[in-house]
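Everything on this sheet refers to the single structure shown next.
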Amino acid sequence: QMADPFLYNAGDRSHYGCLGHEVQIEYLKAYVCRPSFFTDKAVIVVHDVFGWRFPDIRYIVDLIAGHGYIAICPDFFKGTEPWKSTDHWGDFADWMKAHDPVKVDKEADVVLKYLKEQCGAKKIGVVGFSWGGMAVHHLMLKNPQLTAGVSLYGRIIRDSEERYALLNPTFFIFGEKDHTISLDQIFLLEEKLKQYCKVSYKIKVYPGQVHGFAQLKPEDMKPDDKPYIEEARKDMMDWIKMFV
């Protein structure tokens, strides 16, 4: 394990044959997967630093579509290069400055408009992983059109008390062994949400799990982790089903 504070090993991933297709929405490319029947419910999936083409994230999009939602993962990096596992860790801070997870409002609006006007979506949720988890936390503070959110191991930004006034139900998923997010930070998040949050929220920590655990494809899972990965995904979908 590299000592980098943010990335998990994205090394050799098994090939994944996607079920959906790519679309162009205004200036954004996106990967979309739809269920086989009509639905007016949709979920936006916010990718991690590895971008919208990363097989793990497409697997998650397909998984959500399999539960009966129009699922879409737009390229929140707007055509710029995602982080690659071969990139140098020393450059990560600069890369992050150019890819700010709280600057996603415009892209979210473009995708919301597409889902409503082109797909007939009436209720729309959002889930995001790591970089995307930070984006989800931000969007759930800013965009009332998103009926519910799930933030998976997004680093907790603590710049103001406004970070806790969520607009709609939000579920925060963390791994106990995440080297980027300490349990202290998670307890503080819980404390602050109790104080400031007026809507439903939930925080859950999964035993023994590291950063990035919930998006592994079945063949990339270790047997000891599999039950927790499956539980996290079921919890994620239960939250979405409850509110979207």
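Keep in mind that what you see is a predicted model, and the values were worked out from it rather than measured.
Remark: side-chain polar atoms of Thr147 are paired, donor with acceptor, to backbone N or O of Ile124 under 3.5 angstrom. Thr39 places a side-chain N or O within 3.5 Å of a backbone atom of Lys41 that can act as its donor or acceptor partner. A donor-acceptor contact shorter than 3.5 Å is absent between the side chain of Asp40 and the backbone of Gly120. The main-chain N or O of Leu146 is found under 3.5 Å from a side-chain atom of Asn168 such that the two form a donor-acceptor pair. Without hydrogens or angle criteria, Glu231 side chain to Ile229 main chain gives no donor-acceptor distance under 3.5 Å. Judged by distance alone, with hydrogens and angles left aside, the side-chain atoms of His47 form a donor-acceptor pair with the main-chain N or O of Phe76 at under 3.5 Å.
No side-chain N or O of Ser182 forms a donor-acceptor pair with one of Asp184 less than 3.5 Å apart. A side-chain N or O of Gln145 and one of Lys116 form a donor-acceptor pair less than 3.5 Å apart. Using modelled atom types, one finds no donor on one side chain facing an acceptor on the other under 3.5 Å when comparing His138 with Asn143. Of the N and O atoms on the side chains of Tyr153 and Gln215, at least one donor lies less than 3.5 Å from an acceptor on the other residue. Side-chain contact of Tyr206 with Asp225: a donor-acceptor pair under 3.5 Å is absent, judged by distance alone. Of the N and O atoms on the side chains of Thr170 and His137, not one donor lies less than 3.5 Å from an acceptor on the other residue.
Nearest heavy atom pair, residue Ala42 against residue Val244, reads O-CG1, 3.9 Å. Residues Val205 and Gly175 come closest through the heavy atom pair CG1-C, 4.1 Å. Here the closest non-hydrogen pair linking Leu28 and Pro74 is CD1-CB, 4.4 Å. Residues Ile60 and Ala214 share a closest heavy-atom pair of CD1-O, 3.9 Å. The two atoms that bring Ala135 and Val46 nearest to each other are CB-CG1, 3.9 Å, heavy atoms only. In plain terms, the two heavy atoms of Leu216 and Tyr59 that are nearest each other are O-CE2, 4.2 Å.
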Residue pair Lys142, Asp105: steps toward the side chain to side chain contact (heavy atoms under 4.5 Å, CB included) verdict: CA-CA 8 Å; Lys142 296 281 185 253; Asp105 299 287; 4.0 Å; yes
Let me see the working for Glu176 and Lys204 under salt bridge (charged side-chain N to carboxylate O under 4.0 Å, His left out), right down to the final yes or no. CA-CA 9 Å; Glu176 180 200 18; Lys204 188 165 170 183; over 6 Å; no
Go through the steps for Phe213 and Leu152 under the test side chain to side chain contact (heavy atoms under 4.5 Å, CB included), then give the verdict. CA-CA 9 Å; Phe213 78 98; Leu152 294 97; over 6 Å; no
Would you please test Val127 and Met236 for side chain to side chain contact (heavy atoms under 4.5 Å, CB included) and show each step? CA-CA 8 Å; Val127 305; Met236 170 182 86; 4.2 Å; yes
Go through the steps to decide whether Phe243 and Ser200 satisfy the test side chain to side chain contact (heavy atoms under 4.5 Å, CB included), and finish with yes or no. CA-CA 10 Å; Phe243 298 107; Ser200 297; 4.0 Å; yes
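In this structure, His99 has its ring center at least 6.0 angstrom away from the ring center of Trp131. A ring-centre distance under 6.0 Å is not found for Phe77 and Trp52.
Glu22 and Arg58 are joined by a salt bridge, as a carboxylate oxygen and a charged side-chain nitrogen come within less than 4.0 angstrom of each other. Of the charged side-chain nitrogens involved, at least one lies within less than 4.0 Å of a carboxylate oxygen, so that Lys234 and Asp238 count as a salt-bridged pair. In summary, Asp220 and Lys217 engage in a salt bridge, as defined by a charged side-chain N under 4.0 Å from a carboxylate O.
Between the OH atom of Tyr201 and the CD1 atom of Ile203 there is a distance of 6.5 Å, given to the nearest 0.5 Å. Once rounded to the nearest 0.5 Å, the distance linking CD of Glu26 with CD of Glu107 reads 10.5 Å. The distance from the OH atom of Tyr69 to the CD1 atom of Ile240 is 6.5 Å, given to the nearest 0.5 Å. For the atom pair CD of Glu117 and SG of Cys119, the computed distance is 10.5 Å after rounding to the nearest 0.5 Å. Between the CD1 atom of Ile156 and the CE atom of Met134 there is a distance of 10.0 Å, given to the nearest 0.5 Å. Rounded to the nearest 0.5 angstrom, Phe171 CZ and Trp239 CH2 are separated by 7.0 Å.
Annotation for Lys177: atom NZ does not count as buried by contact number, only 12 or fewer foreign heavy atoms lying within 6.0 Å. Other residues, nucleotides and ligands place no more than 12 heavy atoms under 6.0 Å from the NZ atom of Lys122. Counted within 6.0 Å of NZ on Lys192, heavy atoms from surrounding residues, nucleotides or ligands total more than 12; the atom is thus considered enclosed. Annotation for Glu162: atom CD does not count as buried by contact number, only 12 or fewer foreign heavy atoms lying within 6.0 Å. Around NE2 of His21, the count of heavy atoms belonging to other residues, nucleotides or ligands within 6.0 Å exceeds 12.
Linking Ile, Leu, Val, Met, Phe, Trp and Tyr residues whenever their side-chain heavy atoms come within less than 4.5 Å places Val199 and Tyr196 in a single cluster. Hydrophobic clustering of Ile, Leu, Val, Met, Phe, Trp and Tyr side chains at less than 4.5 Å, counting indirect connections, unites Leu112 with Tyr31. Under the 4.5 Å side-chain contact rule for hydrophobic residues, Val102 and Val111 share a cluster. Placement of Met140 and Leu167 in two distinct hydrophobic clusters is found when ILVMFWY residues are connected by side-chain heavy-atom separations under 4.5 Å, directly or transitively. Linking Ile, Leu, Val, Met, Phe, Trp and Tyr whenever their side-chain heavy atoms come within less than 4.5 Å puts Val43 and Val110 in one cluster.
Counting heavy atoms from C-beta on, the side chains of Arg163 and Leu141 come closer than 4.5 Å. In this structure, Asp56 and Phe129 have side chains that are not in contact, with every pair of non-hydrogen atoms separated by 4.5 Å or more. Side-chain contact between Leu166 and Leu193 is present, with at least one heavy-atom pair separated by less than 4.5 Å.
The aromatic rings of Phe172 and Phe174 lie parallel to each other, with less than 30° between the two planes, well short of the 60° mark. Ring pair Trp95/Trp83 is perpendicular by interplanar angle, where above 60° counts as perpendicular and below 30° as parallel.
Figure legend: Lys106 and Tyr27 shown as a cation-pi pair, the cationic atom lying under 6.0 angstrom from the six-membered ring centre and within 45 degrees of its axis.
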